[in-house]
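As structure tokens, the structure follows; a few thoughts come after it.
We use all heavy atoms of the structure for the numbers below, so side chains are in, but hydrogens, waters and symmetry mates are not. Numbers here simply count residues along the sequence, with the first being 1. Computed from a predicted model, the values in this text were never measured in an experiment.
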Amino acid sequence: MLKRGQSSLFRPYQWIVFITLICLFLPTTLAAAPRKNAKKKAPPLNLPPLKTQEQKMQLLGYIRSTMPTRRIARSVSFSSADLDQALEQELGPTSQAALAKTIDDETFIRRVYLDLTGTLPTPQKIDSFLASQQRGKRAALIDELLETKEYARKWARYWSSVIFYDSVANKNRVSPQALEDWLAEQFSKGAPWDYITVMLISATPQRNKAVRNDFGQKYGPNNFVLACENKSTELASQTARIFMGISIKCAECHDHPFDNWKREQFHELAAFFHPYTYKMPDADDPTVKTVVKPRFLLGEKPHEKMKSDARRVSIAAYLAYNPQNYWFARAYVNRIWSELIGDGFYDVDSLGPDSDVIHKPVVNRIAANFRYKNFDPKWVFRLIMNSKIYQREMRTMSSTSELFTAVRPSRLRPDVVASAVEKLAGYDKKLHQEIMQVFDMNPSLPQGALEGSIQQALLLMNSATLQSRLSQSELKQQLVKINSNEDLVQKLYLNVLARHATEQEIQRNSEYLNESENREEAIEDLVWVLINSTEFRTKR
């Protein structure tokens, strides 16, 4: 963890030299063009060793503690009420009438459980929450769930999927599970987002030739670099996409057609990750190559004598701690907002300077305060989930002007669907793998672009394994012992859909039970019907 005042392995003068190199290089790009005949000889480089992650993080921790935003943060606050006020001001008076109603407690508890833990609340938890007269019980539940291991695991899976979804790396040379475990540990400990990011970017996995297929993948952070096959161009592309929300991959071959990114900028960023001299291939003749010096997207340049390990530390510092790089905080905020609300201020990979954005002042304020809050991931969840916008009813929206007047219905991620099925039917390895495969989705696509598939419907409808397990499930055994139809239906709905049945649902299901010759088979049918409902695999 990054801590102020942490004891240093380096001698004071070494800190001074390196901090000068890192921090004072930040504004070099923003400075005016150098005067003629004023070129100064670069100072000698006398860096402390930066081979281990501990050494890297100690240095980055010191840089972090010098951030000017830390001073600003002391006098700034931004609450969920401030967020609502800012958003409603942006929406304007004509949109006030279109604002969806606030959801009831029963809908809230299911939504917040799915969003924070990827699981459904138990019937006991639902009844306890509904019966509670405690003021601020919704905020208290959010706080409670943010401290669970399920929260850490759910969001570790999400970010691991973001990193690996499009990876073409050899599966024997990566370990998504090691990355997920490491991320879960960080989220559980409350590690700040900048710390997690710089650990991933500054990782330098080494191959152990004495052990077959050992490329350092057992150490979680190495897997971001390994997912990119340790290729300079892929690392540049994925670093910009995931941690800045900027898609610059096409600039590898030509100037970006929709943004201002130039081909040279892409290769200057790639040069940061290259262990030796980086050469950019000519756009027309790839056999012709030009030497390119590393330069960050905002123009910062590392010291010419800086070694590969130190260059990765420096790019992590430029990414996270340059106050001019507002994309870093904005990209994280936009992704979490998009996951919770169903739409982002931007498309999650399109935060470039010329990209479409709605209600920019709002996302800017959240992102600025995320930085002031030391990039605390939980602060973002608390801010959004305690707001009115998060707690509004769901509605499908077709026009941009409607966005954020309600929450968009969202398909549940594959691990969440698998968890819900396993809660009812028990764990089966083959069934789990089938659900994960059939319900797989690109975590970087907006909900509006995601579609269900016939295969998803057929799997839940026709899986012999699922039907067999449901017929022997503990839930079915409990339902069979209930004589009252109403009590049976209520228990069924609470366990499968995490809500009470309506009067109409009680009547319809009771009629089916009464008309059936075999009550046990009728109960199996009712469980099967609810699992195959749209409500079971969506967030409402």
Does the distance from a Lys or Arg side-chain N to an Asp or Glu carboxylate O, for [X] and [Y], drop under 4.0 Å?
| X | Y | answer |
| --- | --- | --- |
| R499 | E505 | yes |
| R157 | E180 | yes |
| E300 | R295 | no |
| K360 | E90 | no |
| R382 | E144 | no |
| R408 | D343 | yes |

Step by step, work out the side-chain hydrogen bond (donor to acceptor under 3.5 Å, both in side chains) result for E402 and S399. CA-CA 6 Å; E402 293 180 278; S399 68; 3.1 Å; yes
Step through the shown structure and confirm whether more than 12 heavy atoms of other residues, nucleotides or ligands are within 6.0 Å of [atom1] on [X].
| X | atom1 | result |
| --- | --- | --- |
| Q89 | CD | no |
| Q134 | CD | yes |
| Q177 | CD | yes |

Indicate yes or no for a side-chain donor-acceptor contact from [X] to the backbone of [Y] under 3.5 Å, with no hydrogens or angles considered.
| X | Y | result |
| --- | --- | --- |
| D349 | S247 | no |
| T117 | Y113 | yes |
| S167 | A227 | yes |
| K137 | S132 | yes |
| T239 | A236 | no |
| S314 | R311 | yes |
| K378 | L146 | yes |
| T102 | R392 | no |
| K423 | T122 | no |
| D82 | S79 | yes |

On a heavy-atom basis, which atom in [X] and which in [Y] lie closest, and how many Å separate them?
| X | Y | result |
| --- | --- | --- |
| G118 | V416 | O-CG1, 3.5 Å |
| I531 | R537 | O-NH1, 4.3 Å |
| A191 | I196 | O-CD1, 3.9 Å |
| V225 | A203 | CG2-O, 3.5 Å |

Let's go through F273 and I315 carefully: what are the C-alpha distance in whole Å and the side-chain angles of both, what is the deciding distance for side-chain contact (heavy atoms from CB on, under 4.5 Å) to 0.1 Å, and is it a yes or a no? CA-CA 9 Å; F273 295 101; I315 193 173; 3.6 Å; yes
Are a donor atom and an acceptor atom from the side chains of [X] and [Y] found within less than 3.5 Å of each other?
| X | Y | result |
| --- | --- | --- |
| Y158 | D415 | no |
| S188 | E185 | no |
| Y321 | D194 | yes |
| T148 | R153 | no |
| Y326 | R371 | no |
| Q391 | R138 | yes |
| R241 | S444 | yes |

If the plane angle is over 60° it's perpendicular, under 30° parallel, otherwise tilted; pick one for F381 and Y151.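 Perpendicular: the ring planes of F381 and Y151 meet at over 60°.
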Parallel, tilted or perpendicular: which fits the ring planes of Y332 and F370, with parallel below 30° and perpendicular above 60°?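 If you compare the ring of Y332 with that of F370, the planes turn out parallel.
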Geometric cation-pi criterion R312 and F272, 6.0 Å radius, 45° cone: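 Because its charged atom misses either the 6.0 Å distance or the 45° angle limit, R312 does not stack over F272.
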When rounded to the nearest 0.5 angstrom, what distance separates [atom1] in [X] from [atom2] in [Y]?
| X | Y | atom1 | atom2 | result |
| --- | --- | --- | --- | --- |
| M244 | L319 | CE | CG | 6.0 Å |
| F266 | E268 | CZ | CD | 12.0 Å |
| N386 | D84 | CG | CG | 10.0 Å |
| E106 | H500 | CD | NE2 | 5.5 Å |
| N334 | I366 | CG | CD1 | 9.5 Å |
| I163 | C228 | CD1 | SG | 8.5 Å |

When the ring centroid of [X] is compared with that of [Y], is the distance short of 6.0 Å?
| X | Y | answer |
| --- | --- | --- |
| F404 | Y390 | no |
| W193 | W159 | yes |
| F243 | F328 | no |
| W155 | F187 | no |

Can you list the steps and then say if L130 with I126 is a side-chain contact (heavy atoms from CB on, under 4.5 Å)? CA-CA 6 Å; L130 296 181; I126 295 171; 3.9 Å; yes
Quick one, L179 with F224, criterion side-chain contact (heavy atoms from CB on, under 4.5 Å). Give me CA distance, side-chain angles, the key distance, then yes/no. CA-CA 8 Å; L179 174 62; F224 169 67; 5.6 Å; no
Walk me through it: do Y318 and L298 pass the test side-chain contact (heavy atoms from CB on, under 4.5 Å)? CA-CA 9 Å; Y318 293 149; L298 295 176; over 6 Å; no
Just wondering, do N495 and P123 contact through their side chains at under 4.5 Å, heavy atoms?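 Yes. Closest side-chain heavy atoms under 4.5 Å.
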